[in-house]
*Asks:* 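This structure is in structure tokens; I'll ask about it shortly.
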2 protein chains.
Amino acid sequence: MENKTRVKLIEVATELFAVKGFAAVSVRELSVAAQVNVSAISYYFNGKEGLYEAVLTAQLSPILQTLERVQKNDSSSPVARLTLYADQIAHIHAQRPFMSRFIYSEVTNPTEYGAPIIEKHLSQVYQFIDVTLREGIASGYLREDLNVTYAAVSLVGILNFYFIAKPFVSKLFPLTEHTDSDSEYVAHAFRVYLHGVMNPSAT
Amino acid sequence: MENKTRVKLIEVATELFAVKGFAAVSVRELSVAAQVNVSAISYYFNGKEGLYEAVLTAQLSPILQTLERVQKNDSSSPVARLTLYADQIAHIHAQRPFMSRFIYSEVTNPTEYGAPIIEKHLSQVYQFIDVTLREGIASGYLREDLNVTYAAVSLVGILNFYFIAKPFVSKLFPLTEHTDSDSEYVAHAFRVYLHGVMNPSAT
DNA sequence: GTCTATATTGCGATAGAC
DNA sequence: GTCTATCGCAATATAGAC
């Protein structure tokens, strides 16, 4: 059976680290929020940094799984694989509403222990998009004049920016209360993107 | 004449706050890096938070100026105004390489004193894009089925994500050493975006 | 305007009792 | 596995000499 104190700490730390960032959260704040003794953090995770690493790793784990699953679809076209990937992104964000915060936080203000974990994951994402875009150009689906590196950054930007901007945007433009406006956005954004990169002379 | 200590503190604090984030920088670290006495921070800025506010305000100042300038071009078409805006964005980032870090840092992990400053600026940017997209649809340049809110987020995402991802991306894909690959990216990304949102039946 | 010295508070970590 | 108590240190801020 799972340890209650350990699980509660992970749960509370995920939210606090996500919202305030690693440096702005103290072990005392964590222990109070989790209704747990301060020393439990050292006992279970070897200190604040260990707890942060555990949270970060747990948050990023579905990314690599998704990439594997999408790349298994070798038979499908490059465009179909990108579409599947975009679709999966929405599901991951729905399951882990704090994931994007960790990624953006580490990309913007890297911490000593978080940076290597993030780099490992993001490099695989870029690798996948890069390879798939190249295949798309080679097989005539995508424009020949496409700069692949730039187009890869554009795709990641257009797909993920929404999730970090969401709390902010919904303050400005009250978003329609759909059951799933997340995947709706991703579908919309990805359609805009595809229109932009597809070869106009393709069927 | 400008005060040397004050200027040096702003300069050093801009880089340190941008790279490590507000909470992870101490006043001692700042004073050592600026070769200035610790107490100067309280003397000139009323403490660490005052220094942060001063830096943040200085970093964001060109945004509102640019919006004003672009909106002055009332005569030009909505698409031309968006293009001009995208072009200006690249220039601002070139002049202030740390600006995007402050914006992303505050959006991801808002601080008590930074959040209101950021919100004021970003809401005006969204306002501009929203109005301009609506005009573009009304005058037939842009697709009728465009979701304006989503399209606004997509544009900001596609234009700005590159600048925060740059240090990371250039590690993975050594970017071509052009004199100005920044505005090259923005031009490329904006072209992709326009292809996606333009009305295909428009001239 | 700049310095030293210090006041005060909070930090992360742990020894040792239970 | 959980607790209290405390250690050692670094944080921000400031009083007061120069």
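Order of the sequence lines fixes the chain letters, A, B, ..., with proteins taken first and strands second; residue numbering starts at 1 for each chain. Just so it is clear, the values below take in all heavy atoms, side chains as well, and ignore hydrogens, waters and symmetry mates.
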*Asks:* Between D:dA11 atom C1' and B:L30 atom CG, what is the distance in whole Å?
*Replies:*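 Answer to the nearest Å: 13 Å.
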
*Asks:* Using every non-hydrogen atom in the two residues, find where B:A40 and B:T5 come nearest and quote the distance to one decimal.
*Replies:*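 Smallest interatomic distance, heavy atoms only, reads CB-CG2, 4.0 Å.
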
*Asks:* Which atom pairs, one a donor and one an acceptor, fall under 3.5 Å between side chains of residues 48-59 of chain A and the rest of the protein, sequence neighbours left out?
*Replies:*
{"unit_1": "A:K48", "atom_1": "NZ", "unit_2": "A:F22", "atom_2": "O", "d": "3.3"}
{"unit_1": "A:K48", "atom_1": "NZ", "unit_2": "A:V25", "atom_2": "O", "d": "2.7"}
{"unit_1": "A:Y52", "atom_1": "OH", "unit_2": "A:E106", "atom_2": "OE2", "d": "2.6"}
{"unit_1": "A:T57", "atom_1": "OG1", "unit_2": "A:E53", "atom_2": "O", "d": "2.8"}
{"unit_1": "A:Q59", "atom_1": "OE1", "unit_2": "A:M99", "atom_2": "N", "d": "3.3"}

*Asks:* Starting at atom OH of A:Y44, determine the distance to atom C1' of D:dT2, rounded to an integer number of angstrom.
*Replies:*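 Atom OH in A:Y44 sits about 8 Å away from atom C1' in D:dT2.
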
*Asks:* Give the rounded distance in Å between these two atoms: CZ of B:F22 and P of D:dA11.
*Replies:*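 These atoms are roughly 13 Å apart.
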
*Asks:* Determine, stepwise, if the pair B:Y162 / B:D182 fulfils side-chain hydrogen bond (donor to acceptor under 3.5 Å, both in side chains).
*Replies:* CA-CA 9 Å; B:Y162 165 77; B:D182 284 1; 3.2 Å; yes

*Asks:* Output the rounded distance in Å from CZ (B:F45) to P (D:dT14).
*Replies:*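 That distance rounds to 16 Å.
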
*Asks:* Do A:T149 and B:Y185 have a side chain donor and acceptor closer than 3.5 Å?
*Replies:*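 No, no side-chain donor-acceptor contact under 3.5 Å.
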
*Asks:* Using the test salt bridge (Lys or Arg N to Asp or Glu O under 4.0 Å), find all partners of B:R81 that sit at least two apart in sequence or belong to another chain.
*Replies:*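 Partners of B:R81 under the salt bridge (Lys or Arg N to Asp or Glu O under 4.0 Å) test: B:E135.
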
*Asks:* Around atom CG of A:N73, are there more than 12 heavy atoms from other residues, nucleotides or ligands closer than 6.0 Å?
*Replies:*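 Atom CG in A:N73 is packed in, count exceeds 12.
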
*Asks:* Identify each atom pair where a protein N or O and an N or O of nucleotides 8-14 of chain C are less than 3.5 Å apart, giving names and distance.
*Replies:*
{"unit_1": "C:dC11", "atom_1": "OP1", "unit_2": "A:S26", "atom_2": "OG", "d": "3.2"}
{"unit_1": "C:dG12", "atom_1": "OP1", "unit_2": "A:V27", "atom_2": "N", "d": "3.4"}
{"unit_1": "C:dG12", "atom_1": "OP1", "unit_2": "A:K48", "atom_2": "NZ", "d": "3.1"}
{"unit_1": "C:dG12", "atom_1": "OP2", "unit_2": "A:V27", "atom_2": "N", "d": "2.7"}
{"unit_1": "C:dG12", "atom_1": "N7", "unit_2": "A:R28", "atom_2": "NH1", "d": "3.0"}
{"unit_1": "C:dA13", "atom_1": "OP2", "unit_2": "A:K48", "atom_2": "N", "d": "3.1"}

